[in-house]
4 protein chains.
Amino acid sequence: MPGSERSLRSDALRNRIRILVAAESVFAAKGLDASTDEVARLAGVGIGTLYRHFATKDALLDAVFAGRMQRLVDRADDLARESDAGRAFFDFFAGLLGESPRDRVFTDALARAGLDAEAAATRPDNPLHIAMAQLLERAQRSGQVRPDVSVPDLVSSMFGLVHAMRHAGTATRVRLRTLTIVVDGLRPPAGTQRRVKASVPVGRRRR
Amino acid sequence: MPGSERSLRSDALRNRIRILVAAESVFAAKGLDASTDEVARLAGVGIGTLYRHFATKDALLDAVFAGRMQRLVDRADDLARESDAGRAFFDFFAGLLGESPRDRVFTDALARAGLDAEAAATRPDNPLHIAMAQLLERAQRSGQVRPDVSVPDLVSSMFGLVHAMRHAGTATRVRLRTLTIVVDGLRPPAGTQRRVKASVPVGRRRR
Amino acid sequence: MPGSERSLRSDALRNRIRILVAAESVFAAKGLDASTDEVARLAGVGIGTLYRHFATKDALLDAVFAGRMQRLVDRADDLARESDAGRAFFDFFAGLLGESPRDRVFTDALARAGLDAEAAATRPDNPLHIAMAQLLERAQRSGQVRPDVSVPDLVSSMFGLVHAMRHAGTATRVRLRTLTIVVDGLRPPAGTQRRVKASVPVGRRRR
Amino acid sequence: MPGSERSLRSDALRNRIRILVAAESVFAAKGLDASTDEVARLAGVGIGTLYRHFATKDALLDAVFAGRMQRLVDRADDLARESDAGRAFFDFFAGLLGESPRDRVFTDALARAGLDAEAAATRPDNPLHIAMAQLLERAQRSGQVRPDVSVPDLVSSMFGLVHAMRHAGTATRVRLRTLTIVVDGLRPPAGTQRRVKASVPVGRRRR
DNA sequence: GATGAATGAGCATTCATTCAT
DNA sequence: TATGAATGAATGCTCATTCAT
């Protein structure tokens, strides 16, 4: 049962969350060079409190990034339960449309989450990699995604796409078409399309 | 006689160029946070001289970016003279493969060169826009590029692609496949492909 | 019944002692700049508890110093019971050889324990002063220590000697010879030596 | 000839000296923990200027220490030219009487100048060591200093003596007697004194 | 009494920019 | 015009001390 001793911790937890929320907002708006002071101010805590929770500005950034990545992984996992493998796969990419209207956190998170191609080779146990691998394999087996792409290619494309979204700003048309280009590029080339599809009984449920 | 005054000017010009070259090198190697002092040191001039030529670090960055963009525009213009419109178009994209293995100047240049989608709408006279428009139109008329993409879409894709290249690092396979995805995504969808191609004799006009 | 109240007190006392022990250890190892947090951690108490017992870091240091001084006074008192007055006196100094191979508490304790020459003049009731006075007087009466030194001179010499020991580090030879220099300097000058010795039967009084 | 270009340097040099003087004064008065800001303020320069001249607080301290040590070495070298070897040697020690009425710079300088006993063994080329070696050897040859002391012993004694001076404060009597104790301790033990003296013809000149 | 989370003044250091020479 | 010394606001981080639980 959460007694009196727990309440201290819940206060601390509340502060920790406020700091993380403030950090995401500040870093998104002003870039990663924004000062820790500003984060603390927005969070409504003293700078000492911020540093009690995160030993270093870098540690704070890592936490922010990790949170952002977790949300992405969660989405991938959710979509992995979708019956239509192709739809799940492309929905994942389409979701990026809404992710980053203007901020830098998401892109920098990807850049620092140990997701670069070299890290992918040495550390294939990254949660996002695993989640994307699942989406990719199923979609490839269903014949809706070209068979020659690997997870690192996907991550690289996603990374680029997210940056493109940032560049496109609020121009919805541009955002949409840029997504379309990548998505179509991921489809099997004409002539090879749907070769395997029939052999994989999917699509039992429609969401 | 133009002697002494001219020589001063040419000295100044030489310094300006040395500063720009040094700046590109330093910012590429160490990111945009590299100090102006370091740029001046590498250029072999005093920091005061740097600030005489560029009132602000930002002004220096803009100049560096502009130079980088100009090279890109030059390449686009060169390719515009190529007879095969599709080949010219895709070569332009393929050229990005080699552009930025590691440096940040190019990506940041694109990000700051007034090329974002909104700027494109209000300032359609950007040299890169014009150059890319030419490449795009010809390639679309030849049927080798899907007709529904506009220049801003292209710029956005290019921006994403360049970032993806940075993310892929030295993993050649990943770099290549990421490029392939975008390039294939720019091709006309199956069934509509090559419809117009025969009817457009390539390489008719010179700019 | 004294039960609950007594147990609180004994708990508090135990904590106080644990803090003092931890403080001596931490400050000796890392210097007086070591943080109070580290002391509390080593003592196994919360930082709040530390501050309940010692209102200020300075107060804690004073307590640590006082404890260290007390041990020195105890040694002096023990030696005062030795029959050979000269031996007792010089043993006291020789004991400093082993006191502080590396730590700073002892030297800083001496520096802050109100033992400087001016304090000695105004507060001659300092326990260490009293203890050393006894050792000195007896040794002087026995003719083994020059008659012109006073307790403040002795304290000053001791202070210097302890610092010299710290400076000498682990070089045993140097430590030993430095001690010898001071000890020989405290002996009566040649020609005056042993003048009074015979007339004073050592070890007459017990304190 | 010192032209206009040199004048810049002389300004800078003046600032450098002002910083050093201020630093010595501030650190002497408040200990080595005094802030660089305070040094800059006293020197009448901006904090940036201080850091232009000394890359680090530690570098500043080293410079202050080095200056202090140089003065000591100079005195030793001057005394080395004195005809009476014993007088020169003991004058050197007596000079310490005036060196450090209250400040910590001198003692800390000695502590950090690589003069500890271990460093002495590995780096016998320290200027102060060399200077003291000269004083010591001559004094020992003249029979006025006990033959069993080495330079490290001397440095250790000096270190202790300087600390003792700091402890003695303004009590002149105590300062004097503490010096006497060390000086007498450095003299040859009774009976061995002056043995070698006659065989060494010194004392030609009186200064 | 005990706890430890919160506080914020203070510190060393950096760097874009100015200005006297 | 070129130089580089000087400037000081800003930053990441520490730590003695307070106070709600």
Side-chain angles (χ1 to χ4, degrees), chain A residues 3-16 33-40 44-58 60, chain B residues 7-9 11-12 15 33-41 44-58 60, chain C residues 4-5 7-9 11-12 15 33-41 44-58 60, chain D residues 3-16 33-40 44-58 60:
Chain A
S4 59
E5 199 185 341
R6 188 68 57 103
S7 69
L8 268 178
R9 282 188 197 149
S10 83
D11 264 24
L13 183 62
R14 184 175 299 129
N15 270 341
R16 190 188 160 88
D33 289 346
S35 75
T36 48
D37 266 302
E38 191 169 351
V39 172
V45 303
I47 185 64
T49 303
L50 186 152
Y51 275 92
R52 162 171 274 269
H53 285 282
F54 304 95
T56 269
K57 183 181 182 178
D58 242 54
L60 174 58
Chain B
S7 74
L8 276 178
R9 279 189 197 154
D11 267 20
N15 272 344
D33 288 346
S35 74
T36 49
D37 266 298
E38 192 170 350
V39 172
R41 210 178 311 131
V45 304
I47 184 68
T49 304
L50 187 153
Y51 271 88
R52 168 165 288 276
H53 284 284
F54 304 94
T56 266
K57 184 182 184 179
D58 241 54
L60 173 60
Chain C
S4 61
E5 200 187 341
S7 73
L8 277 177
R9 277 191 199 154
D11 268 19
N15 272 345
D33 288 347
S35 74
T36 48
D37 266 300
E38 192 170 350
V39 172
R41 210 177 312 131
V45 304
I47 184 67
T49 304
L50 187 152
Y51 272 88
R52 167 165 289 276
H53 284 284
F54 303 95
T56 266
K57 185 182 183 178
D58 242 54
L60 173 59
Chain D
S4 60
E5 200 186 341
R6 188 69 56 101
S7 68
L8 269 178
R9 282 187 197 152
S10 81
D11 263 25
L13 183 62
R14 183 174 301 129
N15 270 341
R16 190 189 159 87
D33 289 347
S35 76
T36 49
D37 265 303
E38 191 169 351
V39 172
V45 303
I47 184 65
T49 303
L50 186 153
Y51 273 90
R52 161 169 275 269
H53 285 282
F54 303 95
T56 269
K57 184 182 182 178
D58 241 54
L60 174 58

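In the text below, chain A, chain B and the rest are named by the order of the sequence lines, each starting its count at 1.
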Working to the nearest 0.5 Å, report the span between NE2 of A/H53 and CG of A/N15. 5.0 Å
d(A/L60 CG, A/L50 CG) to nearest 0.5 Å is 5.5 Å
For residues A/T36 and A/K57, report the shortest heavy-atom separation together with the two atoms involved. CG2-CG, 3.7 Å
Non-hydrogen atoms of B/D58 and B/T56 that approach each other most closely: N-CG2, 2.9 Å
Dot-bracket for DNA chain E, 5' to 3', counting Watson-Crick or G-U wobble pairs under 3.5 Å, with [ ] for crossing pairs and | for inter-strand pairs? .||||||||||||||||||||
Counting primed atoms, P, OP1 and OP2 as sugar-phosphate and everything else as base, the B/S/- map of nucleotides 8-15 of chain E against protein heavy atoms under 4.0 Å is BB-SSBB-
Return no unless some side-chain N or O of [X] is found under 4.0 Å from OP1 or OP2 of [N].
{"X": "D/H53", "N": "F/dA6", "result": "yes"}
{"X": "A/N15", "N": "E/dA5", "result": "no"}
{"X": "C/R52", "N": "E/dG1", "result": "yes"}

Please state how far atom CZ in C/F54 lies from atom P in F/dA16, giving the value in whole angstrom units. 15 Å
Quickly work out the A/L50 CG to E/dA5 P distance and round it to whole Å. 15 Å
